Each structure stands twice: as structure tokens, then as C-alpha cells.
Amino acid sequence: MAKNKTTFNISKTKNYSEWYSEILNKAKITDLRYGVKGFVVIRPWGARTIDKMYKIYESALRCTEHEVAILPAVIPEKNFKKESSHIEGFAPEVFWLEKHRGDDKLALRPTSETAFYEMYSLWIRSYRDLPMKIYQRANVFRDETKATRPLIRSREFYWIESHDAFATRKEAEAQVKDDIKMTEEVMHKIFGVPFLPMRRPEWDKFPGAEFTVGSDSIMPDGKIIQLPSTHLISQKFVNAFDVKFVDEKEKIKTPWLTCYGPCMSRILSSILSIHGDDNGLILPYTIAPYQVVIIPFHSDKSEKKIYDAIHNLKANLLKEYIDVKIDNSDRRPGEKFFQWEMKGVPFRIEFGEKELESGEVTIFIRDIRKKVSVKLDNLSEEIKNLGAEYDARLLVKADEFFSDKIVNCKDKLEIKNTLNSGKIARFNFCSVDADGENCAQFIEKELQARVMGSRADFDEEAEGVCPVCGKKASVVVYAGKSY
């Protein structure tokens, strides 16, 4: 980047795809030069953001009685073979280790059901062991055959997966609803990413699940991105691993299991894309690596007293758990302003002799690009208040963006036009069971989109006929173009 660079030269509104690639590089979120296709290096600015996201999600899981564990990243081939639909669903994407010291062929985990259930067959013995709710931070590996894109579609990605066991199906189904609620409370309300909870069609559910609910959002280019998904696992899958327990009446029963997987790296791509603007990133205050950057201004004579005051100011903010950066680099002020705006720091404070004498500072607010004056005595409290207002604005703006993307459609032409305009088509459909798969293939092959499913959070009454086959509609579905 040139030394005097003070503008971001790619417009998100005019060319989102190029903007996305450029901002990952310029803001130092990722580095693609590792040399293995589909694998990216996440640099400190991205990693610090993801780390905050992990902590918030893990806090939510612990508040709902989940315990943390760490399981191996390798899975024996025999585990995959225990449930045929699971290995059939994942086989094309599995990375196999060609050389290791052992008899069994090993895979890098594409997901961890087969690892958890191997252990649950040992850990679950009695109804007293239930419910068992365990999660782990994990990186998973999938040999994607589609084109990869940093954070959005990679061959290694970073997520949390929780695997929960219950005595009854009713309890397990309640957990699926709780997972959807957690997605709403964390990803939507805190990270500012709106979504549709979609119960997947029968042909698109997780391999080995009774049913799947995926959380679908939409990016600025009109492409659908799947975010956290939750699954009610088939009893056939559980039986294959011989997970049993003895109930209160001394009868042997099979527990009901669920799994939930919020992918931090993919959610980050949505955060960057939805909130960013033509000047670069706009990161939510809650997860920004630095929430405040301080730019010093001083003469040679005033340098010491300015820095003494700034370091004292930083210490006071850190005591209130506000992440602060002092930019004492030798770059020009305009370059500093540009860099921190482009990287999405919510608040910038310029501090010099004037501020020291007046006891008041001016805060630049990144999302609305306005300035407010704040007394130093009240700075920590004001920053927290401004931060809450900041995130609330981002949420409102994101919801407005999302609500405009769903269009009711009556026929194939309206569906086609909606999809081609970068929006989500909502329409009546014949069936999300196996009977509707042929109509879904029409959507996929002729319109280059997919049927995402039906609403999982409430029932929508279908009317009329399916616009594809003309049969009586039984369900309202949503369709969009995916990555």
C-alpha cells in the first residue's frame, strides 16, 4: 500500500466480490499465500475477532449446561462404516491419512458425530447420565469439490460443535429449538447477522439425521450462505454405535441425540460482508479486536506528558474491559485515520495538548462517520454506552437489508426473476419429502438455485399449487442461489 493511501478504492455497493477479496487482504483478515488450495491463514486481526466470537458462543453454551471437551482430529474408518448414510454423505469430502502407525485407516474429521458417539457408548450407562451436553472447539476438514472462497467455502474451517444426548425424543426436539434460539440470541442479536431457520427438505438433510435445520443468511451479492445448523440424529445412527442406557424401570433404552454447529470462520465472512461499506470494514463493537484507537498529537516538548496521559487513559479503559490501541507509528495522521477506519475499529480518539488541557476528547464513530465530544472523567462509561448504541444501529441496518431480500412468488417466471435479482424466492411447493425432489431439481438445474426448505420457527400455510409440477401445494418454501 502506498504511504499516502487514505481511501479504499473498491466500492462494495458496485463490486462486492472484488471488495470482499480486497478487504480480506487490506484489513489483514486472511492470507492466501500458504500454497495449498482451499486452506487459508487467518491473520491476527481476523483471529482476534474469531476468538471473541468463540468466547461469546461458548458462554452461551455454558449458560445452557453444556460442558467442554477436546476430541482427536482423526477418526477411524470403522467409525464411518457403522452408519451407511453418513459415510455415503461425507465420503467424497473426506481427507484420508495415507501413512500412520496403526492398522485402521484414519480420516481427518469432516464432522465429529462418529467420534462423540464412540465415546458416548462408554460414557452413557444410566438415565442418571442424561442429559449429556458436550461441545468442543474444532477445526474440520472437507475436500470441497466446489470453488473455494476464503472463510465462505474452505477445505478447513473453524467451528463449535455440540453433541447432546437425551432420554426422550421430546427433550431432543426441545434442544433443536434451543439451538435455533441460541443462533438468534448470539449470531443475530450480538453479531448482527439476520437469518432464516430452514427445516431442510428430506433430500438435503444431514447424513444420518431425522431432520436438519439450517440457518440461512444472504450476502450482498445475493448468494445464500448456510450458517449454524442443528440436527435431530436418527436412532439408526445411535444404534450403530450401541449407545444405550438403563431407565428408571431397569429397561434398556436408546437415547436421542442432537448436534449443533456454528462455524466461526463462515459467520465472520457474513459479519464482514453485511456490515462493511465502501470505506472498508465495520465491526460490531462487541467483537472488534480493538474497540478504541487513540491517535497521539504532540510536539517534542509535550511528547512525554501527552504519552503519560494517554497510557493512563488506556489503563483506565482496559480496567473496564475496553480493548484499546495507541497508534504511535510514524505514519501521517491521514494514513492512520484511513487504516483504522478501513479495519473497522468502532471509535477513534485524537489526543493532544488541547484535549489534555480541556479534559475533553472528540470521538469519531466509524459506522455513522460522526464525531461527539466526551469528558475524560466519563470516558469509560460513555464508550460502553456508545458501543451499545453502535451495535444496535448495525442490527437495525442489517435487518432492513435482509427484510428487503425476501420476495413472494406465484409462478416460475417470478421465481426466476427474483433469484436473478439476487433475492430469496418464497413460494408454495408440492412437498419437502421425497416426492418433491424432482421439482427441486428443476429449481437447481434450470434456475441454478436450491430449495432451502420451510420455516422451522413457525408454520406457514400453503395455498394453491406448486408452480413447478402443478400439484396441490403442501408447504411454503424458500429458494436462493448458494455459494
Side-chain angles (χ1 to χ4, degrees), residues 1-8 26-29 43-52 55 275 277 279-391 393-394:
M1 180 177 292
K3 268 196 167 183
N4 62 352
K5 175 66 175 172
T6 56
T7 58
F8 193 66
K26 297 296 186 186
K28 298 184 178 179
I29 301 292
R43 302 185 70 174
W45 197 249
R48 285 187 58 153
T49 307
I50 286 177
D51 186 57
K52 285 192 172 186
K55 288 175 180 175
H275 300 313
D277 64 12
N279 295 299
L281 298 181
I282 297 177
L283 293 172
Y285 172 83
T286 307
I287 60 172
Y290 294 126
Q291 294 157 315
V292 176
V293 63
I294 302 174
I295 311 293
F297 287 87
H298 59 80
S299 63
D300 291 342
K301 185 177 179 180
S302 66
E303 181 176 3
K304 184 179 183 306
K305 64 181 180 180
I306 293 298
Y307 273 106
D308 285 346
I310 287 176
H311 284 294
N312 183 58
L313 179 60
K314 177 181 178 180
N316 289 335
L317 292 174
L318 288 173
K319 286 178 184 177
E320 297 298 322
Y321 303 99
I322 298 170
D323 286 316
V324 187
K325 169 71 175 178
I326 299 172
D327 187 347
N328 57 3
S329 67
D330 61 359
R331 291 178 299 182
R332 297 175 181 176
E335 294 177 70
K336 294 181 182 183
F337 297 166
F338 161 73
Q339 284 292 325
W340 297 114
E341 287 176 40
M342 183 265 296
K343 290 170 78 72
V345 174
F347 304 121
R348 184 183 76 232
I349 296 174
E350 300 158 35
F351 196 97
E353 293 182 53
K354 174 186 172 185
E355 287 73 24
L356 186 61
E357 292 173 5
S358 67
E360 187 172 282
V361 294
T362 299
I363 300 176
F364 173 80
I365 303 172
R366 169 65 180 90
D367 68 316
I368 56 176
R369 302 182 61 78
K370 292 183 179 179
K371 295 183 178 182
V372 296
S373 295
V374 175
K375 295 287 186 183
L376 285 173
D377 292 343
N378 301 325
L379 185 59
S380 295
E381 197 63 33
E382 286 296 326
I383 289 290
K384 290 179 181 179
N385 291 337
L386 289 169
E389 294 170 3
Y390 188 100
D391 283 356
R393 281 195 303 273
L394 295 190

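Because the structure is a prediction, the values reported are computed rather than measured.
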(request) Report the distance from atom CD1 of I282 to atom CD1 of I365, rounding to the nearest 0.5 Å. (result) 12.0 Å
(request) Determine whether I383 and V374 make a side-chain contact, defined as any pair of heavy atoms from C-beta on separated by less than 4.5 Å. (result) no
(request) Side-chain contact test, heavy atoms from C-beta onward, threshold under 4.5 Å: evaluate it for I29 versus L281 and give yes or no. (result) yes
(request) Flag the pair D323 / K52 as yes when at least one side-chain heavy-atom distance between them is below 4.5 Å, and no otherwise. (result) yes
(message) Consider side chain to side chain contact (heavy atoms under 4.5 Å, CB included). Of T362, I326, I306, which one does F351 pass it with?
(response) I306
(message) Using 0.5 Å steps for rounding, measure from the CG atom of D327 to the OH atom of Y290.
(response) 10.0 Å
(request) Cation-pi check, K325 to W340: give yes when NZ or CZ is under 6.0 Å from the six-membered ring centre and within 45° of the ring axis, no otherwise. (result) no
(message) Applying the salt bridge (charged side-chain N to carboxylate O under 4.0 Å, His left out) criterion to K375, which one of E382, E360, E355 satisfies it?
(response) E360
(request) Please report the shortest heavy-atom distance between V324 and I322, naming the atom on each side. (result) CG2-O, 3.3 Å
(request) Could you grab the distance from atom CG of L386 to atom CD of E381, nearest 0.5 Å is fine? (result) 10.5 Å
(request) Please name all residues satisfying side chain to side chain donor-acceptor pair (under 3.5 Å) with T286, sequence neighbours left out, ordered by chain then number. (result) D391
(message) Under a 3.5 Å distance rule, please check whether D308 uses its side chain to pair with a backbone N or O of H311 as donor and acceptor.
(response) no
(request) Determine, stepwise, if the pair R366 / D277 fulfils side chain to side chain contact (heavy atoms under 4.5 Å, CB included). (result) CA-CA 10 Å; R366 169 65 180 90; D277 64 12; 2.8 Å; yes
(message) Within the structure provided, determine whether K28 and K343 are in side-chain contact (heavy-atom separation under 4.5 Å).
(response) yes
(message) Walk me through whether K371 and R348 qualify under side chain to side chain contact (heavy atoms under 4.5 Å, CB included).
(response) CA-CA 9 Å; K371 295 183 178 182; R348 184 183 76 232; 4.2 Å; yes
(message) For K354, is there any backbone N or O sitting under 3.5 Å from a side-chain donor or acceptor partner on S358?
(response) yes
(message) If I compare all heavy atoms of K26 with all of M342, which pair ends up nearest, and what's the gap?
(response) O-CE, 3.3 Å
(message) Checking F347 now: which residues fulfil ring-ring contact (aromatic ring centres under 6.0 Å, His included) with it, not counting sequence neighbours?
(response) Y285, Y390
(message) Quick check for you: to the nearest 0.5 Å, what is the distance between K55 atom NZ and D51 atom CG?
(response) 4.0 Å
(request) Enter the distance from L313:CG to L318:CG here, rounded to the nearest 0.5 Å. (result) 9.5 Å
(request) Flag the pair R369 / E341 as yes when at least one side-chain heavy-atom distance between them is below 4.5 Å, and no otherwise. (result) yes
(message) Quick check: do I349 and L379 have side-chain heavy atoms less than 4.5 Å from each other?
(response) yes
(request) Check whether any side-chain N or O of R43 sits under 3.5 Å from a backbone N or O of A27 as a donor-acceptor pair, and report yes or no. (result) no
(request) Give, for atom CG of D367 and atom CG of L283, the distance between the pair rounded to the nearest 0.5 Å. (result) 11.5 Å
(request) Heavy atoms only: give me the nearest P289-T49 pair and the separation to one decimal. (result) CG-OG1, 3.2 Å
(request) Measure the shortest side-chain to side-chain distance between K319 and S380 over non-hydrogen atoms and say whether it is less than 4.5 angstrom. (result) no
